[in-house]
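A note on names: the letters A, B, ... follow the listed sequences, proteins ahead of strands, and every chain is numbered from 1.
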2 protein chains.
Amino acid sequence: MDHPSPPRPAVMIDVARLAGVSHQTVSRVLNGHPSVRSETRERVLTAVRQLNYRPNALARGLAGRRSRVLGVVSFDTILYGPAATLLGVERAARAAGYGVSIVTLEQLDHDGVGDALNALAEQSVAGVVIIAPFTNAAAALRALPTGIPAVVVEAGTSGALPAISVDQVAGARLAVRHLLDLGHETVWHVRGPQNWLEARDREDAWRSTLESAGAPVPPVIDGDWSARSGYEAGLRLAGDPRVTAVFCANDQQALGVLRAFHERGVRVPDDVSVVGFDDIPEAEFMSPPLTTIRQDFDEVGRRCLAMLLNLLDAPPATVVETYPRVEPALVARASTGAAKG
Amino acid sequence: MDHPSPPRPAVMIDVARLAGVSHQTVSRVLNGHPSVRSETRERVLTAVRQLNYRPNALARGLAGRRSRVLGVVSFDTILYGPAATLLGVERAARAAGYGVSIVTLEQLDHDGVGDALNALAEQSVAGVVIIAPFTNAAAALRALPTGIPAVVVEAGTSGALPAISVDQVAGARLAVRHLLDLGHETVWHVRGPQNWLEARDREDAWRSTLESAGAPVPPVIDGDWSARSGYEAGLRLAGDPRVTAVFCANDQQALGVLRAFHERGVRVPDDVSVVGFDDIPEAEFMSPPLTTIRQDFDEVGRRCLAMLLNLLDAPPATVVETYPRVEPALVARASTGAAKG
DNA sequence: AGGCCGATTGTTAGCGTTCACAGCGCGGTT
DNA sequence: AACCGCGCTGTGAACGCTAACAATCGGCCT
């Protein structure tokens, strides 16, 4: 009476039987528990290999407390920033032995985050990373259900939740200073959508940098991250002879501005200098190559994860500390030059 | 002796007690089982709301067969195509009540896919979508472990696995025909990386379209999707007076080509016409705006999911059918014009 | 009247792990 | 000689849910 080879994948008890131990001993081996005789351990590991046994994460999560899966709430993952951050988090998570479950928001609002968080909570994720850099992010943490450990990206110093972010203020200052140092009297700004925190920060820093340099502050032009909005802004700017330097809140908008300038015969950087933000891979090959501010999204992802993991095995009521901000850097290319005369 | 309000989230048995029924009845209500008296159902639902009860997906997955989570294996989610496809799949999955777990490949190889699939299998995903359009994708399906239902994107008609893809051949033909129809004698091609199936398909279609039109087939130029590679290709092309039309395997490469041409004083479209592929959001705002082939990634995502869900509740040995390919479309912009003379 | 059926509900087993709590053998104490 | 402690291992009970089956209650058929 031989058992026919079972098509069903092996489970822990199968391994236990094959190794001649109890299922608990198998569990101990798998979880690196110290008190297992090394000979026993070997026997178990051999059986594991032999049966091609893979522990069932569902059962593991149910029985124990933690579920080796992290949740990520994200918005518009086609945009370079969020996509890059997501990738960074995923890589870091995988390196730490965690899986990643994602939920993308349809729109940037309070309910969306709440729903997303709930969906993730149902999957019993161990913790979540929220990449939803909109201004009322504070609402997000109130929406946090069962007190899942969470880390937010680019949500400013909203306080109640640990946050990781690139130093937007430093970045914007870098951009504006670069232009002022080139001799431009002032710098115009095409800002991002007002419900994004980064956009606000960049605008604020632009304004304050101009002010502290004693430069006049021209009216700000609206944008929404898209190249189209940059194009429209560019058309307006192109007619104004006072404009000699433009700081765009992101590279796509800068592309649109370049396009509009090209169309109107405004030469870059001869007539007007343009700076972007993000350093998307395409920036280097725009016409002309775009001077911009580089953000290290990989680093952001890594720090997010480090912080989250930290949170996971920390007592519930630990101090919320914010990691030092990631520092952006200026990448000077051909789209900026000295002011005329 | 009153129970203090439990900080622990409510579970099914709590709901059952509150509603005065058995836990099984609660389960039935939650799963839409027909034979529950509507009055009972109401009572249960009220209790659910009252306790803010959320079913535990882990337990659900363990007990039943299916785990409302799908896996997605993806590569380079910063690239427009994969990112857009991922987003499409995620949206569709969410709409169907599924969560999505992702694993991104570090590099495009066989082991990578195997590992990724294993990682997902451990999470007991109900099925997987593989967005890994590399040429030896056939290896991927052999790496499939326990026979998880799977759908591949852009893996050609490799056969053994259901596949969804945009009709690359039709797209490339559209591009080449557009240029030929404008009077160009032939069309040069900056192809994508050779281990990507789309790149192969586009190149093949480019070649065969030229051949069937009786046009000479110029040597193909290498590229790797990046703007940089397009730039380098453009520099080479710029020196050659015979070049009047270029078809780039994607929009980023086209951007690089445009950049190189601009730098070398080659006017687009006056001297040379350029066509890209993908229709990334930036394409419209390049200098000049790029004529390109639009792919509907949302549709791809939707079909993937439809097919996968189909597979989920189908008998194991069902015929592998391939959905009709998604049709791309030509978007004509300023980067293409009639041939000189 | 006896019996069978369908609608509704409850009961009992798992699903595959981990956790808490024993056991067992053995060397060293008291 | 009885005892404690320690290294190692096993046993039983969760974890929160679904599946399969049993039970109950009318009503209807013969």
> Where the side chain of B:Arg28 is defined as all heavy atoms beyond and including C-beta, which of C:dT9, D:dT18, D:dT9 is the nearest nucleotide?
Replying inline: C:dT9
> Would you say a side-chain N or O of B:Asn31 is under 4.0 Å from OP1 or OP2 of D:dT18?
Replying inline: yes
>> Taking any heavy-atom pair under 4.0 Å as a contact, classify B:Thr25: base, sugar-phosphate, or nothing.
In response: sugar-phosphate
>> When you measure from the side-chain N and O atoms of B:Arg60 to the phosphate of D:dT18, is any distance below 4.0 Å, counting only OP1 and OP2?
In response: yes
> Should A:Ile78 and B:Phe297 count as side-chain neighbours, where that means a heavy-atom distance under 4.5 Å?
Replying inline: no
> Starting at CG of B:Leu58 and ending at C1' of D:dC15, how long is that distance when rounded to a whole Å?
Replying inline: 10 Å
>> Is there a side-chain contact between A:Ser27 and the phosphate of C:dT18, meaning an N or O under 4.0 Å from OP1 or OP2?
In response: yes
> B:Met12 CE to C:dT12 P: how many Å, rounded?
Replying inline: 18 Å
> Just how far, in rounded Å, is P of C:dT17 from CG of B:Asn56?
Replying inline: 17 Å
> What integer distance in Å separates A:His33:NE2 from D:dG7:P?
Replying inline: 10 Å
>> When you compare the side chain of A:Arg302 with that of A:Asp298, does any pair of heavy atoms fall below 4.5 Å?
In response: yes
> Is there a side-chain polar atom (N or O) of B:Thr40 under 4.0 Å from OP1 or OP2 of C:dT8?
Replying inline: no
>> So if I take every side-chain heavy atom of B:Val36 and compare against C:dG16, C:dT18, C:dT9, which nucleotide ends up nearest?
In response: C:dT9
> Can you find a pair of side-chain heavy atoms, one from B:Val129 and one from B:Leu70, that are under 4.5 Å apart?
Replying inline: no
> Does some side-chain heavy atom of B:Gln123 sit less than 4.5 Å from a side-chain heavy atom of A:Arg68?
Replying inline: no
>> Distance check needed: D:dG16 C1' versus A:Gln123 CD, whole Å only.
In response: 16 Å
> Which of the following nucleotides, D:dG10, C:dT8, C:dG10, is nearest to the side chain of B:Arg37?
Replying inline: C:dT8
> Counting side-chain heavy atoms from C-beta on, which of C:dT17, C:dG10, D:dC8 comes nearest to B:Gln24?
Replying inline: C:dG10
> Closer to the 5' end of DNA chain C via nearest nucleotide, is it B:Ser38 or A:Leu30?
Replying inline: B:Ser38
>> With a 4.5 Å cut-off on side-chain heavy atoms, are A:Val26 and A:Val21 touching?
In response: yes
> Between D:dG7 atom P and A:Arg41 atom CZ, what is the distance in whole Å?
Replying inline: 14 Å
> Picking from C:dC15, C:dT18, C:dT9, which would you name as closest to the side chain of B:Ser35?
Replying inline: C:dT9
> Whole-Å distance between C:dG14 P and A:Leu62 CG?
Replying inline: 17 Å
>> Please pick, from D:dT9, D:dG12, D:dG16, the nucleotide with the shortest atom-to-atom distance to any side-chain atom of A:His23.
In response: D:dG12
